[in-house]
K.L.:
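I'd like to ask some things about the structure below.
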Protein chains: 2
Amino acid sequence: MSTIKDVARAARVSIATVSRVVNNDAKVSDKTRASVLKVMADIGYTPNANARALVTQKSSTIGVVIPDLTDPFFASLANGVDQVARQHHMQLLLSTGQISAESELQAINVLIERRCDVMVVHSKKIKAEVLLKLAEKIPGLVLIDRYIAAIAHRCVWLDNEEGGRIAARHLMSLSHQHIAYISSKYEIDDPLTRLKGFTEQLPQQHLTSSPDLIAYEEPNLRGGEIAAQKLLAKGLPFTAIFVYNDAMAIGAISTLEDNGFKVPSDISIIGFDDVLFSRYSRPKLTTLRYPIEQMAKKAALLALQLSKGEVSDEEHKYIPNLVKRESTAIAATTK
Amino acid sequence: MSTIKDVARAARVSIATVSRVVNNDAKVSDKTRASVLKVMADIGYTPNANARALVTQKSSTIGVVIPDLTDPFFASLANGVDQVARQHHMQLLLSTGQISAESELQAINVLIERRCDVMVVHSKKIKAEVLLKLAEKIPGLVLIDRYIAAIAHRCVWLDNEEGGRIAARHLMSLSHQHIAYISSKYEIDDPLTRLKGFTEQLPQQHLTSSPDLIAYEEPNLRGGEIAAQKLLAKGLPFTAIFVYNDAMAIGAISTLEDNGFKVPSDISIIGFDDVLFSRYSRPKLTTLRYPIEQMAKKAALLALQLSKGEVSDEEHKYIPNLVKRESTAIAATTK
DNA sequence: ACGGCAAATGTAAACGTTTTCATTTTTTCC
DNA sequence: GGAAAAAATGAAAACGTTTACATTTGCCGT
C-alpha cells in the first residue's frame with residue numbers, strides 16, 4: 001500500500017507538503033495542491049489512520065461496549081452512538097462482551113488499547129469501584145444504563161423503579177388483583193429494580209405480591225415462552241403479567257395463545273422497552289417506552305464533550321413512558 | 001497514558017524486553033518477566049494498538065460495511081462477523097453507509113484508512129468494476145449478499161431468484177390464483193430478482209403476473225403497512241401476497257387485520273428472511289429462511305483466509321429454505 | 001536592482017511499538 | 001576451571017504520519 005513518501009516522490013515535493021494537502025492546510029499553493037491531489041488519485045493513496053492516530057494522539061473513534069448485537073435493544077443503542085459518530089466524522093468501534101465482569105472489562109480494555117478517547121459503556125457486572133478508576137483514567141467514558149452516584153454526571157440511565165411503579169398502577173387501574181411477573185434470570189439490577197418499584201406500589205390497592213407468581217428466564221423471545229409455561233404450570237390464578245422486556249412479552253403471548261388464553265381478554269400483558277416491533281405484535285403490545293436510542297445519542301454527545309474537557313454536573317435520568325396499546329384490558333373476572 | 005518506555009524504566013530493563021513480555025515471547029527469564037508484569041500492573045500500562053498496528057502492519061480488526069444497525073437483518077450480519085472476530089481475538093470495526101454508491105465507498109475507505117486487512121462488505125450500489133478494483137487492492141475483502149462473476153469465489157450470496165420460485169410454487173400449491181407482490185422501493189437487485197423468479201414460475205399453473213398487484217415501499221414494518229394499504233386501495237382481487245421481507249410482511253399483516261381481513265384465511269402472506277421475531281408474530285409467519293448469520297460467519301472466515309493468501313475457487317451460494325408456519329393457507333375462494 | 005516581508009516549502013523530531021542483530025550473561029560439559 | 005554453547009538482554013532501525021522550526025521563493029515598494 002502506498003505511503004505519503006510515494007506521493008511526495010511522485011509529486012516532487014516534501015512529505016510535509018503532502019501532509020498539508022491531505023489535511024487541507026491553508027499553507028500550500030493552489031498549483032502544488034492540484035498536482036499533489038492528482039498524484040494521490042493516480043497512485044490510489046489512502047492515509048494510514050494508525051500512523052495518524054499515533055502522532056496526533058487522537059483516534060477519531062467512538063467505542064461502544066455492549067453484550068450483543070442481536071438484541072434489538074442493544075442494536076438501537078449502538079445505532080444511536082453510530083449516528084453521533086457519523087455526525088462528527090468518527091468511526092464506531094464495537095466491543096462486545098457477554099454480561100460478566102471479566103468479559104466487560106476486557107471489552108473496555110480493547111478500546112483503551114485502541115486509544116479510544118470517547119466511549120459509551122454498557123456494563124452491568126463490573127464493580128462500581130473498578131468503573132470509578134476507569135472513569136478517572138478515561139475522561140471520555142460514559143456509562144449507559146447504569147447509575148453510580150460518584151460519577152452521576154457521567155451516567156445516562158433510566159429509572160427502572162419508577163417503571164415498575166407505572167406498570168403496577170396501570171394494571172391496578174384495570175382492576176387486576178393477581179399479577180404475575182416474568183423476570184430475567186440474570187443477576188443484574190434491572191429486573192430487581194423493576195420488581196421493587198412494582199411491588200411497593202401494590203399495597204396502595206391492598207394487593208400483595210407473591211413470590212410464586214414470578215418466573216425467571218433468559219430475557220429473549222424463547223425465554224418468554226418458557227416463563228409463561230412455567231407460570232401456567234403452577235396452576236395459580238392470575239389475570240395479568242408484568243414482563244421484564246418486550247421480547248419476553250411477545251414470547252409469553254405466543255405461549256399463552258397456544259394454550260388457549262386470549263390476550264388481553266383472559267390475560268393482560270405489559271412489556272418493557274418498546275422495541276420497534278412491539279407495535280406490530282398481535283395484539284399490539286402495551287409497554288413502557290425505554291428511549292434507548294435517544295439515550296445513546298445523549299451518552300455519545302456527553303462522552304464527546306467530556307473527552308474535550310468540557311464538564312457539567314447535570315444528571316441524565318430518563319423516565320419510561322407508558323405506551324397503551326392492545327395487550328392490556330380490564331381484568332377478566334370483573335368484566 | 002503510560003508507555004512501554006515508562007515500564008522499561010521502572011523495571012530497569014530495555015523496551016525490547018518489555019515488548020517481549022507483552023507479546024509472550026519465550027526469550028525472557030521467568031524472573032524478569034515477573035518483575036515486568038508487576039510494574040505493568042502497578043502503573044496500569046496498556047499497549048498502544050495504533051503503534052503496534054503501524055509497525056506490524058496488521059490491524060487485528062475485521063471491518064464490516066452495512067447500511068444500518070437497526071435492521072435486524074444487518075444486525076445479524078454484523079453479529080455473525082463479530083462472532084468470528086472474537087474467536088480470532090480481533091475487533092469489529094463498523095462502518096455504516098446508507099445505500100448509495102458514494103456512501104458505501106466512503107464506508108469502505110474508512111476501513112482502508114484503518115488498514116483493515118479483513119473486511120466483509122455489504123454493497124448494493126457500487127459498480128461491479130469499482131468493486132473489482134477494490135477487491136484487487138485488498139485481498140481480504142469479501143462481498144456478502146452480492147454476486148460478481150469475476151470474483152465469484154469472494155462472494156457469499158443467496159439465490160434470490162430461486163427464492164422467488166419457491167414462494168410461487170408454495171402459493172400455487174395452495175391454489176392461489178391472484179397473488180400480489182410487496183416490494184422494496186429501493187432500486188437494488190434483490191426485490192427485482194425475487195420478483196423475476198416468482199413471475200417466471202407462474203405460467204406453470206397458467207397464471208400470469210399483473211404489474212397492478214405490486215406495491216413498492218420502504219423495506220420495513222411501516223413500509224409494509226403502507227404497501228398493504230395501497231394494495232387494498234386498488235380494489236383488485238387477490239388471495240395471497242409474496243412480501244419482500246419479514247418486516248414488511250408483519251407490517252402488511254397489521255394493516256390487513258386492522259381492515260378486517262384474516263390472515264391466512266382471507267389472505268395468505270409469505271415473507272422473506274426469517275428474522276428472529278417472524279416465528280413470534282401472530283399468525284406465525286411463513287417465510288423463506290435467509291441464513292444471514294451463518295453466511296456472515298462464512299464470509300468472515302473466508303475474508304480471514306484470503307487475507308492470509310489462502311485461496312480456493314469454491315462458490316458460496318446459499319439457497320433459501322421454505323419455512324411453513326401459519327400465515328399461508330389454501331386460497332379462500334376454493335375453500 | 002534590492003532589502004524586506006509574506007507565503008510556500010522543506011527538514012527533522014516525535015509518536016509507541018516490533019524486531020533484527022549484536023552483545024552480555026548463564027549454563028553445560030570436559 | 002575454563003571454553004563453548006545457549007539463553008537472555010539490549011541497541012537501533014523501521015513503520016507512516018504531523019508539526020515546530022528553518023529555509024527558500026516570490027512579491028512589493030522604493
Side-chain angles (χ1 to χ4, degrees), chain A residues 1-37 39-40 43-61 89 91 109-117 137, chain B residues 1-37 39-40 43-61 89 91 109-117 137:
Chain A
M1 189 142 296
S2 57
T3 76
I4 201 172
K5 286 183 195 169
D6 301 324
V7 177
R9 198 173 312 124
R12 305 173 176 283
V13 294
S14 71
I15 59 169
T17 300
V18 178
S19 172
R20 282 190 266 258
V21 351
V22 169
N23 293 291
N24 252 303
D25 192 314
K27 307 285 179 183
V28 41
S29 74
D30 291 350
K31 205 177 119 215
T32 50
R33 159 165 287 127
S35 88
V36 169
L37 248 20
V39 171
M40 293 198 329
I43 70 179
Y45 167 71
T46 313
N48 184 323
N50 296 313
R52 233 191 244 222
L54 182 57
V55 55
T56 60
Q57 308 276 44
K58 338 201 119 354
S59 67
S60 69
T61 284
H89 302 105
Q91 220 46 40
N109 212 46
V110 164
L111 298 184
I112 299 181
E113 284 184 0
R114 286 285 196 299
R115 294 302 184 266
C116 215
D117 30 20
K137 186 173 171 186
Chain B
M1 190 143 297
S2 58
T3 76
I4 200 172
K5 286 184 195 167
D6 301 325
V7 177
R9 197 174 311 124
R12 302 172 180 284
V13 294
S14 71
I15 60 168
T17 300
V18 178
S19 172
R20 281 190 265 260
V21 351
V22 168
N23 293 291
N24 252 302
D25 192 314
K27 308 283 182 186
V28 41
S29 74
D30 290 350
K31 204 177 119 215
T32 49
R33 160 165 288 127
S35 89
V36 169
L37 248 20
V39 171
M40 291 196 332
I43 71 179
Y45 167 70
T46 312
N48 183 322
N50 296 313
R52 234 190 240 222
L54 183 57
V55 55
T56 59
Q57 308 277 45
K58 339 202 122 342
S59 66
S60 69
T61 283
H89 303 104
Q91 219 46 38
N109 211 47
V110 165
L111 298 184
I112 299 181
E113 284 183 2
R114 286 285 197 298
R115 293 302 183 266
C116 214
D117 29 21
K137 185 173 172 185

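All chains are named by letter (A, B, ...) in the order of the sequence lines, taking the proteins before the strands, and each is independently numbered beginning at 1.
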K.L.:
Using modelled atom types only, decide if a donor and an acceptor are shared between the side chain of Asn23(A) and the backbone of Asp25(A) within a distance under 3.5 Å.
P.N.:
no

K.L.:
Grab the CZ-P distance between Arg12(B) and dG10(D) for me, whole Å please.
P.N.:
12 Å

K.L.:
Which whole-number value in Å describes the distance from Met40(A) CE to dT17(D) P?
P.N.:
11 Å

K.L.:
Can you name the closest pair of heavy atoms from Gln57(A) and Asp117(A) and give their distance?
P.N.:
O-OD2, 4.1 Å

K.L.:
Got a sec? Which of residues 15-30 of chain B come in under 4.0 Å of DNA chain D, heavy atoms?
P.N.:
Ala16(B), Thr17(B), Arg20(B), Lys27(B), Val28(B), Ser29(B)

K.L.:
List in chain and number order the residues that pass salt bridge (charged side-chain N to carboxylate O under 4.0 Å, His left out) with Arg9(A), two or more places apart in sequence or in another chain; answer none if no residue qualifies.
P.N.:
Asp6(A)

K.L.:
How many whole angstroms separate atom NZ of Lys31(A) from atom C1' of dA7(C)?
P.N.:
14 Å

K.L.:
Measure from the side-chain heavy atoms of Lys5(A) and tell me the nearest of dG16(C), dG10(D), dT17(D).
P.N.:
dT17(D)

K.L.:
Within the pair Gln57(A) and dG16(C), is there a side-chain N or O less than 4.0 Å away from OP1 or OP2?
P.N.:
yes

K.L.:
Round to the nearest Å and state the distance from Arg9(A) atom CZ to dG10(C) atom P.
P.N.:
14 Å

K.L.:
Name each donor-acceptor pair under 3.5 Å that joins a side chain in residues 11-18 of chain A to protein atoms two or more places apart or in another chain, with its distance.
P.N.:
unit_1	atom_1	unit_2	atom_2	d
Ser14(A)	OG	Ala16(A)	N	3.4
Ser14(A)	OG	Thr17(A)	N	3.4
Ser14(A)	OG	Thr17(A)	OG1	3.3

K.L.:
In whole angstrom, what separates Ile112(B)'s CD1 from dG16(D)'s P?
P.N.:
16 Å

K.L.:
If the cut-off is 4.0 Å, is Thr32(A) near the phosphate of dT9(C), judged by side-chain N/O to OP1 or OP2?
P.N.:
yes

K.L.:
Taking atom NZ as the centre, does Lys5(A) end up with more than 12 heavy-atom neighbours from other residues, nucleotides or ligands that are less than 6.0 angstrom away?
P.N.:
no

K.L.:
Any chance the side chains of Ser60(B) and Arg52(B) put a donor and an acceptor closer than 3.5 Å?
P.N.:
no

K.L.:
Find the distance Leu54(A):CG to dA14(C):P and express it as a whole number of Å.
P.N.:
14 Å

K.L.:
In whole angstrom, give the distance that lies between atom CG of Asn48(A) and atom P of dT17(C).
P.N.:
16 Å

K.L.:
Measure NZ/Lys58(B) against C1'/dT17(C) and give the value in whole Å, please.
P.N.:
15 Å

K.L.:
Below the 4.0 Å mark, does dG16(D) have OP1 or OP2 next to a side-chain nitrogen or oxygen of Thr3(A)?
P.N.:
no

K.L.:
Are Met40(A) and Leu37(A) packed together at the side-chain level, in the sense that at least one heavy-atom pair is separated by less than 4.5 angstrom?
P.N.:
yes

